[in-house]
Amino acid sequence: MKIMLDAGHGPNTAGKRTLDGKMKEFEFNEAVAQFVKKELTAFGLIVINSHDRGRDVPLNERTALANKLGVDAFISIHANAFGTTWNNTSGIETFTYTKPSKQSTILASLIQNSLCSITRRSNRGVKKADFAVVRDTRMPAVLVECGFMTNKNEAILLQSTNYRMHCAKAITYAILCWIQQKR
């Protein structure tokens, strides 16, 4: 099995940061992706990153690479935001394309439930959206939002190594469950 992990956005994407400027979203996304990669590799899976620590990889490059390599699943990892001021919006969301495959829906549900269970954050549900990374990929693909950078409590969590590891373990567990149910 080949899994592509996508640390959403990039190291230089403007505006994608906590409101106090202490953390760029890519820092969270990339840290979680690396933890997931380490875990999945230990289980014998081939894990490929679509992102690059040194540059912002365009979305079409990310999806083209996934399609070219014929990966079995594409998981894009993100931290969410709502508005331009601190607010109480919080929780976990996982997205599929507006017309998802059955396997994308199953994978999204597994990731959503696992993340909510392990992190104990509120469950905002599995949702559908026309995001390029879930639309332009030819394999099961999901985009997961692991908490809100615009919520003070969640912004603190998103910066903590412990929370990042919990998110990674939840995503890893869900991917392994998804692989198991496909067999």
Would you give the length of the straight line joining atom [atom1] of [X] to atom [atom2] of [Y], rounded to the nearest 0.5 angstrom?
| X | Y | atom1 | atom2 | result |
| --- | --- | --- | --- | --- |
| Lys68 | Thr63 | NZ | OG1 | 13.0 Å |
| Cys146 | Glu93 | SG | CD | 11.0 Å |
| Leu157 | Asn151 | CG | CG | 8.5 Å |
| Leu115 | Ile92 | CG | CD1 | 5.0 Å |

Count the heavy atoms belonging to other residues, nucleotides or ligands that lie under 6.0 Å from [atom1] of [X], then report whether that count exceeds 12.
| X | atom1 | value |
| --- | --- | --- |
| Arg55 | CZ | yes |
| Lys22 | NZ | no |
| Asn88 | CG | no |
| Lys37 | NZ | yes |
| Lys182 | NZ | yes |

Inset, instruction - Test Cys167 against Thr119 for side-chain contact (heavy atoms from CB on, under 4.5 Å), laying out the working first. - result: CA-CA 7 Å; Cys167 290; Thr119 66; 4.0 Å; yes

Inset, instruction - Please report the C-alpha distance between Asn162 and Ser160 in whole Å, then the side-chain angles of each, then the deciding distance to 0.1 Å, and finally whether the side-chain hydrogen bond (donor to acceptor under 3.5 Å, both in side chains) criterion is met. - result: CA-CA 5 Å; Asn162 190 46; Ser160 102; 5.4 Å; no

Legend entry - Short side-chain to backbone donor-acceptor contact, Ser114 and Ala170, under 3.5 Å: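 Side chain of Ser114 to backbone of Ala170, a donor-acceptor pair under 3.5 Å: yes, one is there.
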
Examine the side chains of [X] and [Y] and answer whether a donor and an acceptor come within less than 3.5 Å of each other.
| X | Y | value |
| --- | --- | --- |
| Thr94 | Gln112 | yes |
| Ser104 | Ser101 | yes |
| Asn87 | Thr89 | yes |

Applying side-chain contact (heavy atoms from CB on, under 4.5 Å), can you list everything that pairs with [X], at least two apart in sequence or on another chain?
| X | answer |
| --- | --- |
| Asn60 | Pro58 |
| Lys152 | Trp86 |
| Ile106 | Lys102, Gln103, Leu110, Trp178, Gln181 |
| Glu27 | Met23, Lys24, Arg164 |

Inset, instruction - Check the pair Val134, Phe95 against side-chain contact (heavy atoms from CB on, under 4.5 Å), reporting the backbone distance first and the verdict last. - result: CA-CA 8 Å; Val134 295; Phe95 289 87; 5.5 Å; no

Inset, instruction - Apply side-chain contact (heavy atoms from CB on, under 4.5 Å) to the pair Val71 and Ile3, showing each step before the final yes or no. - result: CA-CA 6 Å; Val71 299; Ile3 304 295; over 6 Å; no

Inset, instruction - Give a yes or no on whether a salt bridge exists between Lys2 and Asp72, defined as a side-chain N under 4.0 angstrom from a carboxylate O. - result: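 No.
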
Inset, instruction - Considering only NZ, NE, NH1 and NH2 on the basic side and carboxylate oxygens on the acidic side, decide whether Glu154 and Arg121 come within less than 4.0 Å. - result: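 Salt bridge: yes.
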
Legend entry - With sequence neighbours excluded, residues passing side-chain hydrogen bond (donor to acceptor under 3.5 Å, both in side chains) with Asn49: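 So Asn49 forms a side-chain hydrogen bond (donor to acceptor under 3.5 Å, both in side chains) with Gln34.
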
Inset, instruction - Could you tell me whether the side chain of Asp56 reaches within less than 4.5 Å of the side chain of Pro11, counting heavy atoms only? - result: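 Heavy-atom side-chain distance check passes, below 4.5 Å.
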
Legend entry - Centroid-centroid distance, His78 to His9, less than 6.0 Å: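 Judged by ring-centre distance (under 6.0 Å), His78 and His9 do meet the cut-off.
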
Inset, instruction - Keeping to residues at least two apart or across chains, list the side chain to side chain donor-acceptor pair (under 3.5 Å) pairs with something in residues 130-140. - result: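 Checked against side chain to side chain donor-acceptor pair (under 3.5 Å) - neighbours excluded - the pairs reaching residues 130-140 are Asp130-Arg135.
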
Legend entry - Test side-chain contact (heavy atoms from CB on, under 4.5 Å) applied to Ile75 and Asp6, step by step: CA-CA 6 Å; Ile75 293 93; Asp6 175 57; over 6 Å; no

